[in-house]
Undergrad: 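Dumping the structure here so I can ask a few things about it.
Counting starts at 1 for both ligands and their atoms, following the listed order. For the numbers below, each heavy atom of this structure counts, side chains included, while hydrogens, waters and symmetry mates do not.
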Amino acid sequence: MDQNAINNLREALAHSPDNIPLRLHLAQSLAQLFQYQEAEQEFKAVLRLSPQHKDAKFGLAKAYFHQEKYGVTIVVIEELLHLDPDAENYKLLLCRAYLRNDNKAEAQQAFQELVRANPTLRDEELDQAFRNFHFDASADADDGIDEDALRSSRPGINFKHVGGMDRVKDEISLKIIKPLEHKELYAAYGKKIGGGILMYGPPGCGKTHLARATAGEINAEFISVGISDILDMWIGSSEKNLHQLFEQARAKAPCVLFFDEVDALGASRSDMRQSAGRQLINQFLSELDGVDANNDGLLVIGATNAPWHMDPAFRRPGRFDRILFVEPPDQKGREAILQIMLAGKPLGKVDLSSVAKKTEGFSGADLQAVIDRCIEDKLKASFSTGIPDPIATKDLLKAAKVHKATTREWFNTARNYALYANESGLYDDILSYLKVKK
Ligand SMILES: Nc1ncnc2c1ncn2[C@@H]1O[C@H](COP(=O)(O)OP(=O)(O)O)[C@@H](O)[C@H]1O
Ligand SMILES: [Mg+2]
């Protein structure tokens, strides 16, 4: 299948626009060529002709998924599951979409159902996500999800699983790991331990991944608080929940308490200042300050794509007093990331440095997408022989060519804040990354 074949299909369709199998074939071919946006249009066209067409719906869901439109992916899959409640491939995609969309509880539940129905099910992404709470498929089938167990885990990854990011790793090591290992030394010099690290930068560049790896590095418990948890607290304006969360983390020390998209909590927008949400912010700050509690062994890491929305009160000493820019990986970093992501896959002779060279501006998530595409292709090619055909440099380059780096858009916004709202040089790192003279 190539662009030529696509053109022929389009021509055929010009003559019989209502030919469903033909249009479906076009849609699927476009998806095969990673042209998901066009594929989406064609799947929709099929569905206009035949609204309950399962293959077209599933194709549409996959096209959405690959464009990272996880919300609509979920909607379409749920419709499909009404038509066919037991289809494993539907549920698998649903579970992935939940996971990518940060609906962790739903993802977990969907995964449990999948494994219960098919105990031999293996899916790398999901296995990895849920590795830390494996369960016996036969036992406690009716038990609800244990919220605590869901949140808290001991990550099976450490700094070795994080490519590049050397500067950020060093800072974390100095601020978080060393104090834990050398408490007495810090005490001897009267240096206070505590405070948190805030990572910011474009999406997909490893903030969450590194936070997890930090916990793994020191064999600490990891508690991740996502946007939906935070929003729940907003809605309930529930300082109590937040307090309980910190207490849970203190009880498990050493523990990394990770707030993803923490800007949702500390929004500086004045409307929130007035609202009940202000109480939540104050609660968070006093938990960080450890006023009524001992924060020993509690390591707080925050991540945000939008640091400019955060209340400046968060940046005071003892709070998020180290603010680190997590930039897209440089060439060496990309090579290291590719190496990590390809470990254990059937590889031929692969020149990773040339792939790294051709992927300027790609985030870790972009590189993952390239590899996913490449592997999907390889899988298809291997079906006829039944033998895995090793991945070669050209396969990766081909997949990289059709993928657009997702970090650029973020820099368009960031540049403005860095140029016009750069109080006390907070965003100097962005300017130097963009090579803008101050
Ligand atoms: N430096 C890296 N090394 C290895 N994997 C990475 C790296 N950066 C990103 N990834 C991978 O890319 C994906 C997205 O990264 P993530 O940490 O969620 O980004 P962020 O939190 O910055 O949006 C993750 O699946 C992660 O495994
Ligand atoms: Mg993240």
Undergrad: With the threshold set at under 4.0 angstrom, would you say M199 reaches ligand 1 through any of its heavy atoms?
TA: no

Undergrad: For ligand 1, is V162 a contact, meaning one of its heavy atoms is under 4.0 Å away?
TA: yes

Undergrad: For a side chain to side chain donor-acceptor pair (under 3.5 Å) with E40, tell me which candidate from Q35, Q67, K62, H66 qualifies.
TA: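 For E40, the side chain to side chain donor-acceptor pair (under 3.5 Å) test succeeds with only one of Q35, Q67, K62, H66, which is Q67.
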
Undergrad: Check the orientation of F320 and F314. Use parallel for under 30°, tilted for 30 to 60°, and perpendicular for over 60°.
TA: parallel

Undergrad: Heavy atoms only, cut-off 4.0 Å: how does I337 contact ligand 1, side chain, backbone, both, or neither?
TA: side chain

Undergrad: So does Y427 get a backbone contact from the side chain of N422, meaning a donor-acceptor N/O pair under 3.5 Å?
TA: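 Pair found, side chain donor or acceptor close to backbone of Y427.
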
Undergrad: Considering the heavy atoms of M341, write down every atom of ligand 1 situated less than 4.0 Å from one of them.
TA: 5 (N), 6 (C), 10 (N), 11 (C)

Undergrad: Is it true that P203 lies under 4.0 Å from ligand 1, counting heavy atoms only?
TA: yes

Undergrad: Which pairs count as salt bridge (Lys or Arg N to Asp or Glu O under 4.0 Å) when at least one residue sits in residues 157-168, sequence neighbours excluded?
TA: none

Undergrad: Would you say Q368 has any N or O atom under 3.5 Å from an N or O of ligand 1, going by distance alone?
TA: no

Undergrad: Once you measure the plane-to-plane angle for W410 and Y200, does it fall in the parallel (<30°), tilted (30-60°) or perpendicular (>60°) bin?
TA: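 Plane angle between 30° and 60°, so tilted.
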
Undergrad: For ligand 1, which is the ligand I care about here, please tell me if G204 has any N or O atom under 3.5 Å from one of the ligand's N or O atoms.
TA: yes

Undergrad: Should D260 be counted as touching ligand 1, given the test is an N or O pair under 3.5 Å?
TA: no

Undergrad: Check whether any side-chain heavy atom of M165 lies under 4.5 Å from a side-chain heavy atom of V162, and answer yes or no.
TA: yes

Undergrad: Tell me which one of E261, R212, H209 gets a heavy atom nearest to atom 5 (N) of ligand 1.
TA: H209

Undergrad: Is there any N or O on L210 that sits under 3.5 Å from an N or O of ligand 1?
TA: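 For ligand 1, there is no N or O atom that lies under 3.5 Å from one belonging to L210.
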
Undergrad: Looking at P202, is its backbone amide N or carbonyl O close enough to the side chain of K207 to form a donor-acceptor pair, meaning the two atoms are under 3.5 Å apart?
TA: yes

Undergrad: Under a 4.0 angstrom heavy-atom cut-off, which atoms of ligand 1 come close to H161?
TA: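 Those qualifying, in numeric order: 3 (N), 4 (C).
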
Undergrad: Please give me the protein atoms (N, O or S only) lying under 2.8 Å from the Mg ion (ligand 2), ordered by chain and number.
TA: T208 OG1

Undergrad: Which ligand 1 atoms, with their elements, are less than 4.0 angstrom from a heavy-atom of M165?
TA: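 Listed by number with element: 1 (N).
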
Undergrad: With a 6.0 Å cut-off on ring centres, are Y36 and F65 close enough?
TA: no

Undergrad: Would you call the rings of F325 and Y433 parallel, tilted or perpendicular, where under 30° means parallel and over 60° means perpendicular?
TA: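 Aromatic pair F325/Y433 classed perpendicular.
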
Undergrad: Can you confirm whether Q32 sits close enough to K380 that some side-chain heavy atom of one is under 4.5 Å from a side-chain heavy atom of the other?
TA: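 Yes, side chains in contact.
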
Undergrad: Considering only heavy atoms of G206, which atoms of ligand 1 have at least one such atom less than 4.0 Å away?
TA: 8 (N), 9 (C), 15 (O), 16 (P), 17 (O), 19 (O), 20 (P), 22 (O)

Undergrad: Let me confirm one number: the CG-CG distance from L338 to L352, rounded to the nearest 0.5 Å.
TA: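 So the CG of L338 and the CG of L352 are separated by 5.5 Å.
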
Undergrad: For the residue pair F258 and D260, establish whether any side-chain heavy-atom pair is separated by less than 4.5 Å.
TA: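 In short, these two side chains touch, coming nearer than 4.5 Å.
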
Undergrad: Do S363 and P328 make a side-chain contact, defined as non-hydrogen atoms from C-beta onward lying under 4.5 Å apart?
TA: no

Undergrad: Does T208, backbone or side chain, put an N or O under 3.5 Å from an N or O of ligand 1?
TA: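 Checking ligand 1 against T208, an N or O pair does fall under 3.5 Å apart.
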
Undergrad: Check whether any heavy atom of C205 sits under 4.0 Å from an atom of ligand 1.
TA: yes

